[in-house]
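Letters A, B, ... are given to chains in the order of the sequence lines, protein chains preceding strands, and every chain is numbered from 1. On a predicted model such as this, the values are computed, not experimentally measured, just so you know. We use all heavy atoms of the structure for the numbers below, so side chains are in, but hydrogens, waters and symmetry mates are not.
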Number of protein chains: 2
Amino acid sequence: MSRKSIQRDAILQVIKNTTSHPGVDWIYDEVRKEIPNISLGTVYRNLRLLAQAGEIRELDIPGSAKRFDGDTSNHRHLICEKCGRIFDLYEAVDPKIEARIFQKTGFKVKRQYLKLIGLCSDCQKQEEQLKTYIYDNSLIKGGEK
Amino acid sequence: MSRKSIQRDAILQVIKNTTSHPGVDWIYDEVRKEIPNISLGTVYRNLRLLAQAGEIRELDIPGSAKRFDGDTSNHRHLICEKCGRIFDLYEAVDPKIEARIFQKTGFKVKRQYLKLIGLCSDCQKQEEQLKTYIYDNSLIKGGEK
DNA sequence: TTAAGTAATAGTAACCGTTACTATTATTAT
DNA sequence: ATAATAATAGTAACGGTTACTATTACTTAA
Ligand SMILES: [Mn+2]
Ligand SMILES: [Mn+2]
Ligand SMILES: [Zn+2]
Ligand SMILES: [Zn+2]
């Protein structure tokens with residue numbers, strides 16, 4: 001990834017300017033507003049390059065297409081199984097588990113992927129016409145789809 | 001899944017008789033030793049049916065094809081990024097996290113997927129010609145590929 | 001400031017895992 | 001046995017992604 005390219009910059013901007021964990025198609029559509037004849041292949045290639053360079057993060061959502069995250073900080077994701085939105089969770093993972101596993105099994109854990117599937121508060125309300133829970137917005141952000 | 005079928009039984013047996021978390025191709029090859037003209041489509045369809053019925057579990061491994069697990073007990077997986085083998089980890093996940101997230105964010109967690117990527121002890125030894133660690137075999141099983 | 005060298009691109013074909021379709025066969029209930 | 005229909009084998013189609021190829025655009029050094 002040595003040379004500059006307008007296309008790669010535009011792709012990066014699109015991802016950095018959303019908190020919605022977009023998929024390739026959405027990114028493609030957005031970037032075409034700037035560069036109408038950009039190739040889908042170019043989008044894929046640069047997404048891979050940007051992820052390899054650590055400028056974005058690639059998410060894997062069970063049974064669905066790739067999604068990307070412009071927020072490369074250490075955080076986890078809450079995936080709503082109803083609306084499909086992905087929320088950020090800024091809560092640390094148990095750090096002791098890696099040492100414990102290594103001591104007990106000899107397996108050296110390098111990365112933990114904790115994915116939490118469930119229902120966002122919007123979908124809970126919608127699903128059952130029930131009580132609303134108070135929650136703290138400062139811990140999660142994003143999820144605008 | 002009302003009627004019996006020789007094909008489905010054979011597929012289930014293949015999965016139940018290994019601890020290697022096989023993929024579709026391996027299952028297909030194995031079951032063809034019994035039923036040489038079984039269709040790949042039949043394998044896929046029955047894997048889905050068996051997973052829906054809770055008789056097997058479908059794993060999703062980041063960036064690779066589906067794998068299946070005949071062990072439906074509550075356990076997690078250690079995935080070796082070098083040899084690709086998948087080991088079972090019988091260690092409970094932090095149960096408090098779900099309540100904590102719900103209280104703080106309103107998100108109702110239904111399922112936790114904790115995937116631990118790293119190096120198995122074999123691959124560590126192989127990678128660096130270094131000391132061998134003692135580990136407890138009773139906590140993990142499988143991984144024969 | 002050209003020219004050479006070569007990343008990066010647009011456009012498109014190919015790929016791979018999976019699902020859908022269709023005519024035929026096997027299982028079940030009467 | 002017969003009828004109803006679930007399941008199958010074989011194959012086509014699909015969706016997401018990667019690979020290929022000719023062209024374009026940076027970059028460096030005469
Ligand atoms: Mn995120
Ligand atoms: Mn397992
Ligand atoms: Zn939701
Ligand atoms: Zn290994």
The single option from B:Leu59, B:Ile86, B:Ile15 that satisfies side-chain contact (heavy atoms from CB on, under 4.5 Å) with B:Asp69 is B:Leu59
Check the orientation of A:His21 and A:His77. Use parallel for under 30°, tilted for 30 to 60°, and perpendicular for over 60°. perpendicular
Whole-Å distance, B:Asp25 CG to C:dG17 C1', equals 9 Å
Any donor-acceptor pair under 3.5 Å between the side chain of B:Arg45 and the base of D:dT8?
no
Quick note, A:Val24 side chain, CB onward, closest among D:dT17, D:dT27, C:dT27 is D:dT17
Heavy atoms of A:Leu119 and A:Gln124 approach each other most closely as O-NE2, 2.9 Å
Ranking C:dA10, C:dG5, D:dT17 by distance to the side chain of A:Ile35, first place goes to C:dA10
| field | Under 4.0 angstrom between B:Tyr44 side-chain N/O and C:dT19 OP1 or OP2 | value | no
Is there a donor-acceptor contact under 3.5 Å from the side chain of A:Arg85 to the main chain of A:Cys80? no
Between B:Lys66 and B:Ser5, whichever has its closest DNA chain C nucleotide further toward 5' is B:Lys66
Looking only at D:dA7, C:dT18, C:dA20, the nucleotide nearest the B:Arg48 side chain is C:dA20
In whole angstroms, the gap separating C1' of D:dT17 from CG of A:Asn46 amounts to 15 Å
From CZ of B:Arg8 across to C1' of C:dT25 the rounded distance in Å is 15 Å
Closest to the side chain of B:Gln7, out of D:dT8, C:dT9, D:dA7, is D:dT8
In whole angstroms, the gap separating P of D:dT8 from CG of B:Leu47 amounts to 11 Å
To the nearest angstrom, the OH-C1' distance between B:Tyr28 and C:dG17 comes to 14 Å
To the nearest angstrom, the CG-C1' distance between A:Asp9 and C:dA7 comes to 15 Å
Report, one pair per line, the protein and nucleotides 10-14 of chain D atoms (nitrogen or oxygen only) whose separation is under 3.5 Å.
unit_1 : atom_1 : unit_2  : atom_2 : d
D:dG10 : OP2    : B:Asn37 : O      : 3.3
D:dG10 : N7     : B:Ser39 : OG     : 3.0

Checklist entry - Between B:Lys82 and B:Asp122, is there a side-chain N and carboxylate O pair less than 4.0 Å apart? => result no
Separation of C:dA20 atom P from B:Leu49 atom CG, nearest Å, is 12 Å
Winner on side-chain proximity to B:Arg3, out of C:dT18, D:dA7, D:dA25, is D:dA7
Rounded to whole Å, the CG-P distance (A:Asp60 to D:dG16) equals 16 Å
Can you establish whether the number of heavy atoms outside B:Lys4 located under 6.0 Å from its atom NZ is more than 12?
no
B:Glu91 and B:Arg76 have their tightest heavy-atom pair at O-NE, 3.2 Å
